[in-house]
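Remarks on the structure that follows.
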Amino acid sequence: MDYIQLTKENIEKEHICCAISNNRDVQVSSKKNWLADRFDDSLIFIKSVQRGKCFIEYIPAENAWVPIVADNYMYTNCLWVSGSLKGNGYASDLLNRCMEDSKTKGKSGLCILSSAKKKSFLADPKFLTYKGFGVCDEADNGIQLWSLPFEDGKKPRFKDCAKHPHIDEKGYVIYYTHQCPFTAKYVPIIEELAKAHNVPLKAIHIADKAAAQNAPSPVTSYALFKDGEYMTNEILSEKKFLKMIEE
């Protein structure tokens with residue numbers, strides 16, 4: 001498999017894998033804009049040359065849009081291989097590239113979000129274990145911070161706001177970023193559904209790094225709360241949201 005790294009120079013013409021559509025699609029444009037703004041923060045996005053979901057996205061932890069403390073670590077936003085590309089060792093290829101790059105840059109290790117059992121939009125814990133990662137912190141909602149240290153030192157950890165996810169607002173509240181392209185499509189849909197069913201819902205777009213690093217959830221790409229309690233990081237479709245409010 002051949003791979004290519006996205007840059008400011010080629011991002012407009014390259015496919016971004018996670019949102020297979022044309023460049024005029026709101027999902028594609030929102031994700032590409034988010035990526036382009038992060039390149040100055042040393043974000044790396046490497047994908048397969050072949051069209052499909054096969055890519056890794058990582059960034060120095062001090063610039064990551066998550067509420068963690070991970071001194072001199074590299075944080076992996078997303079590692080995704082699926083469809084016909086799955087099962088060919090490409091995930092290992094991509095992670096190995098990230099490891100080599102991080103070591104070259106003098107990083108102390110890698111970290112990534114996962115959970116005890118596989119959750120949507122989070123890394124597979126079985127794969128992480130196979131690659132030598134281990135749990136270094138866990139939030140009250142079961143989201144875990146995993147790390148692969150290259151040397152002895154302080155382990156990455158969640159900030160208190162993420163360790164104990166809770167908000168004071170009533171009703172449904174969605175925190176989201178455009179790191180995940182699917183939020184650009186589904187958040188407005190859920191807002192309209194809530195309005196049509198007279199369900200109180202507020203969508204909070206996290207638009208900068210400082211807000212993301214102090215968010216009330218380990219996952220900032222999408223976090224749904226109900227009456228102050230954390231519900232899920234899964235980006236809900238119309239069907240799933242309707243089922244939730246009916247229950």
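Using a 4.5 Å cut-off between side-chain heavy atoms of Ile, Leu, Val, Met, Phe, Trp and Tyr, with links allowed through other members, Tyr186 and Leu242 fall into the same hydrophobic cluster. The hydrophobic clustering, which links ILVMFWY residues whose side-chain heavy atoms are closer than 4.5 Å, places Ile189 and Ile235 together. In this structure, Tyr58 is not a member of the same hydrophobic cluster as Leu6, with clusters built from ILVMFWY side-chain heavy atoms closer than 4.5 Å. No continuous path of ILVMFWY side-chain contacts below 4.5 Å connects Val81 to Leu122, so the two sit in separate hydrophobic clusters. In the hydrophobic cluster analysis, where Ile, Leu, Val, Met, Phe, Trp and Tyr join through side-chain heavy atoms closer than 4.5 angstrom, Ile16 is grouped apart from Leu85.
Remark: Asn10 CG is packed, more than 12 non-hydrogen atoms of other residues, nucleotides or ligands lying under 6.0 Å away. Heavy-atom contacts from other residues, nucleotides or ligands closer than 6.0 Å to NZ of Lys155 number 12 or fewer.
Looking at heavy atoms from C-beta onward, Tyr175 lies out of side-chain contact with Ser217 at the 4.5 angstrom threshold. By the 4.5 Å heavy-atom criterion applied to side chains, Lys131 and Leu148 are not counted as neighbours. Side-chain contact check for Pro181 versus Val28: every heavy-atom pair is 4.5 Å or farther apart. Leu110 has its side chain within reach of Leu95: a pair of non-hydrogen atoms, C-beta onward, lies under 4.5 Å apart.
Shown are Lys119, Lys118, Lys240; of these, the salt bridge (Lys or Arg N to Asp or Glu O under 4.0 Å) with Glu234 is made only by Lys240.
For the pair Pro60 and Met74, the tightest heavy-atom approach, listed with the atom from each and the gap, is N-SD, 3.4 Å. Here the closest non-hydrogen pair linking Leu113 and Pro218 is CD1-O, 3.4 Å. Closest approach of Ala139 to Phe158, counting heavy atoms only: N-CE1, 3.7 Å. Contact detail for Ala223 and Tyr230: the closest heavy-atom pair is CB-CE1, 4.2 Å. Of all heavy-atom pairs spanning Thr220 and Ala212, the tightest one is CG2-O, 3.5 Å. The minimum heavy-atom distance linking Gln179 with Trp65 is given by the pair OE1-CB, 4.5 Å.
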Ile245/His197 under side-chain contact (heavy atoms from CB on, under 4.5 Å): CA gap, chis, key distance, verdict
CA-CA 9 Å; Ile245 63 178; His197 288 80; 4.2 Å; yes

Working note: Val135 + Leu145, criterion side-chain contact (heavy atoms from CB on, under 4.5 Å); need CA distance, chi angles, decisive distance, verdict.
CA-CA 6 Å; Val135 178; Leu145 184 60; over 6 Å; no

After noting the C-alpha distance and the side-chain angles of Thr183 and Thr177, does the key distance pass the side-chain contact (heavy atoms from CB on, under 4.5 Å) rule?
CA-CA 7 Å; Thr183 60; Thr177 73; 5.9 Å; no

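Here the straight-line distance linking atom OG of Ser147 with atom CZ of Arg157 works out to 13.5 Å at 0.5 Å rounding. Atom CD1 of residue Ile143 and atom CG of residue Asn233 lie 5.0 Å apart, to the nearest 0.5 angstrom. One finds the OH atom of Tyr222 at 7.5 Å from the OG1 atom of Thr232 (value rounded to the nearest 0.5 Å). The SG atom of Cys54 sits 5.0 Å away from atom CG of Leu94, with the distance rounded to the nearest 0.5 Å. Taking OG from Ser114 and CG from Leu128, the interatomic distance works out to 5.0 Å, rounded to the nearest 0.5 Å. Interatomic distance, NZ of Lys239 versus CG of Leu193, reported as 14.0 Å (0.5 Å rounding).
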Show the atom names and distances, to 0.1 Å, of all donor-acceptor pairs under 3.5 Å that link a side chain in residues 159-167 to residues at least two apart or in another chain.
{"unit_1": "Lys159", "atom_1": "NZ", "unit_2": "Gln213", "atom_2": "O", "d": "3.1"}
{"unit_1": "Lys163", "atom_1": "NZ", "unit_2": "Asp137", "atom_2": "OD1", "d": "2.4"}
{"unit_1": "Lys163", "atom_1": "NZ", "unit_2": "Glu138", "atom_2": "O", "d": "3.2"}
{"unit_1": "His164", "atom_1": "ND1", "unit_2": "Asp140", "atom_2": "OD2", "d": "2.8"}
{"unit_1": "His166", "atom_1": "ND1", "unit_2": "Gly228", "atom_2": "O", "d": "3.0"}
{"unit_1": "His166", "atom_1": "ND1", "unit_2": "Glu229", "atom_2": "OE2", "d": "3.1"}

All N/O donor-acceptor pairs, side-chain side in residues 34-48, below 3.5 Å, sequence neighbours left out:
{"unit_1": "Arg38", "atom_1": "NH1", "unit_2": "Trp34", "atom_2": "O", "d": "3.3"}
{"unit_1": "Asp40", "atom_1": "OD1", "unit_2": "Lys8", "atom_2": "NZ", "d": "3.0"}
{"unit_1": "Asp40", "atom_1": "OD2", "unit_2": "Lys8", "atom_2": "NZ", "d": "3.1"}
{"unit_1": "Lys47", "atom_1": "NZ", "unit_2": "Glu14", "atom_2": "OE1", "d": "3.3"}
{"unit_1": "Lys47", "atom_1": "NZ", "unit_2": "His15", "atom_2": "O", "d": "3.4"}
{"unit_1": "Ser48", "atom_1": "OG", "unit_2": "Gln50", "atom_2": "O", "d": "2.7"}

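Counting only residues at least two apart or in different chains, salt bridge (Lys or Arg N to Asp or Glu O under 4.0 Å) contacts with residues 195-205 comprise Glu169-Lys202. Applying the ring-ring contact (aromatic ring centres under 6.0 Å, His included) test to pairs two or more places apart or on separate chains, none has a residue in residues 105-135. Under the salt bridge (Lys or Arg N to Asp or Glu O under 4.0 Å) criterion, the residue pairs touching residues 89-106 are Asp101-Lys105, with sequence neighbours excluded.
The side-chain contact (heavy atoms from CB on, under 4.5 Å) check on Ala64 picks up Ile59, Val66, Tyr75, with sequence neighbours excluded. The side-chain hydrogen bond (donor to acceptor under 3.5 Å, both in side chains) check on Trp146 picks up Gln144, with sequence neighbours excluded. For Asp208, the side-chain contact (heavy atoms from CB on, under 4.5 Å) partners are Ala210, Ala211, not counting sequence neighbours. Applying the side-chain hydrogen bond (donor to acceptor under 3.5 Å, both in side chains) test to Asn72 and every residue at least two apart in sequence or in another chain returns Ser108. Shown here are the ring-ring contact (aromatic ring centres under 6.0 Å, His included) partners of Tyr172, two or more places apart in sequence or in another chain: Phe241. Judged as a side-chain contact (heavy atoms from CB on, under 4.5 Å), and not counting sequence neighbours, the contacts of Ser82 are Lys53, Trp80. Residues passing the side-chain contact (heavy atoms from CB on, under 4.5 Å) test with Lys126, sequence neighbours excluded: Asp124.
Taking the six-membered ring where tryptophan is involved, the planes of Tyr176 and His205 are essentially parallel, since the angle between them stays under 30° and well short of 60°.
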